[in-house]
2 protein chains.
Amino acid sequence: MAKRINPSDPTPAYLQIAGDLRRAISDKELEDGDQLPSLRSLMADYGAASGTVRQALDQLQNEGLIIARQGQGVFVRMPRRLERRGTKRHLRSARPSATAPLEAEAQAQGFVRGQQLLEVATVPAPESIAQRLGIEPGTQVLVRRHLLTLDEEPAQLADSYFHVAQVEGSRIARNEKIPGGVHAELASVLGTPLTHASEELIARMPTPGEAIELRLPRGTPVVELLRTIYASDDPVEATRFLFDGSRHTFTYDVPLD
Amino acid sequence: MAKRINPSDPTPAYLQIAGDLRRAISDKELEDGDQLPSLRSLMADYGAASGTVRQALDQLQNEGLIIARQGQGVFVRMPRRLERRGTKRHLRSARPSATAPLEAEAQAQGFVRGQQLLEVATVPAPESIAQRLGIEPGTQVLVRRHLLTLDEEPAQLADSYFHVAQVEGSRIARNEKIPGGVHAELASVLGTPLTHASEELIARMPTPGEAIELRLPRGTPVVELLRTIYASDDPVEATRFLFDGSRHTFTYDVPLD
DNA sequence: AAGTGGTCTAGACCACGCC
DNA sequence: GCGTGGTCTAGACCACTTC
C-alpha cells in the first residue's frame, strides 16, 4: 500500500487515502470481511489528523465498500445478492403447495429466507397506492405488512394493499398467514384469475427511518418497487416493496415484437 | 425551525441539526432549488463548531436531499425521473423511422434527450458480457459506447457488445450512427428477427470514476442494467447500461400464467 | 484496561463564484 | 472583496467491544 500522501498532488489527502484503500480492496489485497488498519494506525502511517483519516473512511463507507463497527474495527463489505425474478416467478393463481417457490429459489441460491407478517390493518390509502388501485387517496384499504429476512438479516419490507370490499370476510383480511399464498386466495375470492402485473422500480438512498428498519449501513441504496396486480385489467392489489439494494438483483424477461 | 441543540437528547448534535433541516424540507418549508442557511449562519444558530455543522450537511448530501455548490451555497435537490419502459418499448426489429420512440417518450415526459456515440471498437469481452454472450472472457467483441443526456445533463451510459463475426462489415461495426436503429440493422444482418431480451438490474453507489462521468452529486445511487438480446435463444447482443439512479424509474409488465 | 470507532471543538487556510 | 463551501489540524472526550 502507498501509505504516503503526495503533497504536490492537488487531490485532497483524504481522497488519496481513500484511493489507496479502495485499490487494495479492488486488487483483492483486502477481501470481504477483512479488517482494515485501525484509524489510529492510519493516522500514524499517513501522518494525518484524525479528522482527515475519518473523512477517508467515511468516503468508502458511502461507496458501500466498507463497514465500521464501533469497538471492533473497519471491515471490507461485499454482500451477495439474491436474484429476484420479475417473470415466471411465484405469481401463479394455482400454486403447488409443496414448498413455496420463493423459498425454494432462495435456498437454491444458498440463502436462508424468513418471512414475518407484521400487521394486517385497514388504513387510508397513501397517494401512490390509491393512484394504482384507481381510487381516491385516503379511501380505506386493507394492508398486509411483511418483513422478509435473508440469513436472519432484514432485507425487504412489503406492504400489500387491497380493496376492502373485495377481501373483507376472507382470510386475507385476517391477521394470519395464508398457507396457499395470498394470490391463490385472492383469485379464489374474486372468482377470476389474476392476469398480469406491472412493476415500477426506483433506486434512492433510504430515509433514516428506513435505514433503521432494514438495518442498512451507510452507503446502501434501497430499491422501492411498486407492483400492481390486475385481474382482467382491474387493479386488485398494489404492493410497495422496499429492498436492501446491496443484497438484491432484479431480473425481467422482455418479449420483442 | 428548531435552531437549538438539545443536550439532554442522546442523539448526536449533527443528527439533530440534520433532522431539523430534513423536516423543513419534507414539510415544504424548503423546496426544490431553495437555498439553505449558510454553513456559518448554521454554526451561529446552533452554537456548534464548523465540523459539526458540516457533518449535518454531509449527512443530508448522502441522503440525496441537498447539493452543496462551492462559492454559491447549499440547495434542496429533488430531480424529476424519466420513466424507462422495459416492455413494449423501443426494441422492435421493424421500427417506424419517423421519430425514434425513445425520443418521443422523453419528449412526452418533458425532457430534452440527447445521444452521443462515443466510440466503436473491438475489445476483449469483460467477464459479465462474455458470460451473457456465451463466450470465453477475453474473446474479442465489438462494442458501441453511447452517452445519453437528459436536459443537457449526462444521465446514462450504454455499452453494447456484439459478436465480431456477426457484425463485421456491417454498419454496426463502423463508427457512425445507424439511422433506422441498431436493432433493425442487427436483425437484417442476421437474417432473423430478435425474439426476446432479459434484463438484470442492480442498485449500488457509483465508483468515483462513474460519479465523474455521470456528474453525480454525493448521495446518488446508480442502476446497473445488463440487457441480453436473443434471436431464437442465441444471445446476439449484450448491453451494460449505467443510469443516474436519481433521474430514472424502470417499469416492466409481468404476465401471470 | 486497552483498543476500537464516534463526536466535537476552535480554529486556520484554501478554492470558487459573484459583484 | 466578500461570502460561499472544502480541507485540515491537534487535540479532548465518549461509547462500545474484547480480553
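In what follows, chains carry the letters A, B, and so on, assigned in the order in which the sequence lines appear, proteins first and then strands, with residues in each chain numbered from 1.
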From the options [options], select the nucleotide whose nearest atom is closest to the side chain of [X].
{"X": "B:Val74", "options": "C:dC18, D:dG5, C:dT9", "answer": "D:dG5"}
{"X": "B:Gln70", "options": "C:dG11, D:dG6, C:dC8", "answer": "D:dG6"}
{"X": "B:Ala49", "options": "D:dG5, D:dT9, C:dA10", "answer": "C:dA10"}
{"X": "A:Gln55", "options": "D:dG11, D:dT7, C:dA10", "answer": "D:dT7"}
{"X": "A:Ala48", "options": "D:dT18, D:dT9, D:dT7", "answer": "D:dT9"}
{"X": "B:Thr52", "options": "C:dT9, D:dC8, C:dT4", "answer": "C:dT9"}
{"X": "B:Arg54", "options": "D:dT7, D:dC8, C:dC8", "answer": "D:dT7"}

Does B:Glu200 pair with B:Arg132 as a salt bridge, N-O distance under 4.0 Å? yes

Evaluate the criterion side-chain contact (heavy atoms from CB on, under 4.5 Å) for residue pair B:Gln131 and B:Glu127; output intermediate values, then yes/no. CA-CA 6 Å; B:Gln131 210 175 87; B:Glu127 166 83 28; 3.5 Å; yes

Could you check how far [atom1] of [X] sits from [atom2] of [N], rounded to whole Å?
{"X": "B:Leu39", "N": "C:dA15", "atom1": "CG", "atom2": "P", "value": "18 Å"}
{"X": "A:Gln16", "N": "D:dG6", "atom1": "CD", "atom2": "P", "value": "19 Å"}
{"X": "B:Tyr14", "N": "C:dG6", "atom1": "OH", "atom2": "P", "value": "9 Å"}
{"X": "A:Tyr46", "N": "D:dT7", "atom1": "OH", "atom2": "P", "value": "17 Å"}
{"X": "B:Gln72", "N": "D:dC2", "atom1": "CD", "atom2": "C1'", "value": "15 Å"}
{"X": "A:Asn6", "N": "D:dT7", "atom1": "CG", "atom2": "P", "value": "17 Å"}
{"X": "B:Asp9", "N": "D:dC14", "atom1": "CG", "atom2": "C1'", "value": "16 Å"}
{"X": "A:Leu15", "N": "C:dA15", "atom1": "CG", "atom2": "P", "value": "15 Å"}

Does A:Arg215, at its CZ atom, have more than 12 non-hydrogen atoms belonging to other residues, nucleotides or ligands within less than 6.0 Å? no

Hey, does A:Val120 have a side-chain heavy atom less than 4.5 Å from the side chain of A:Arg174?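 A:Arg174 does not reach A:Val120 side chain to side chain.
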
Determine whether the aromatic ring centres of residues A:Phe250 and B:Tyr252 are separated by less than 6.0 angstrom. no

Tell me what B:Arg69 touches on the nucleic acid: a base, only sugar-phosphate, or nothing, going by heavy atoms under 4.0 Å.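 Here B:Arg69 touches the backbone only, sparing every base.
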
Distance below 4.0 Å between A:Ser38 side-chain N/O and C:dT4 OP1 or OP2: yes

Whichever of A:Leu57 and A:Ser50 has its nearest DNA chain C nucleotide further upstream toward 5': A:Leu57

If you find the nucleotide of DNA chain D closest to A:Met43 and the one closest to A:Thr11, which residue's nucleotide is nearer the 5' end? A:Thr11

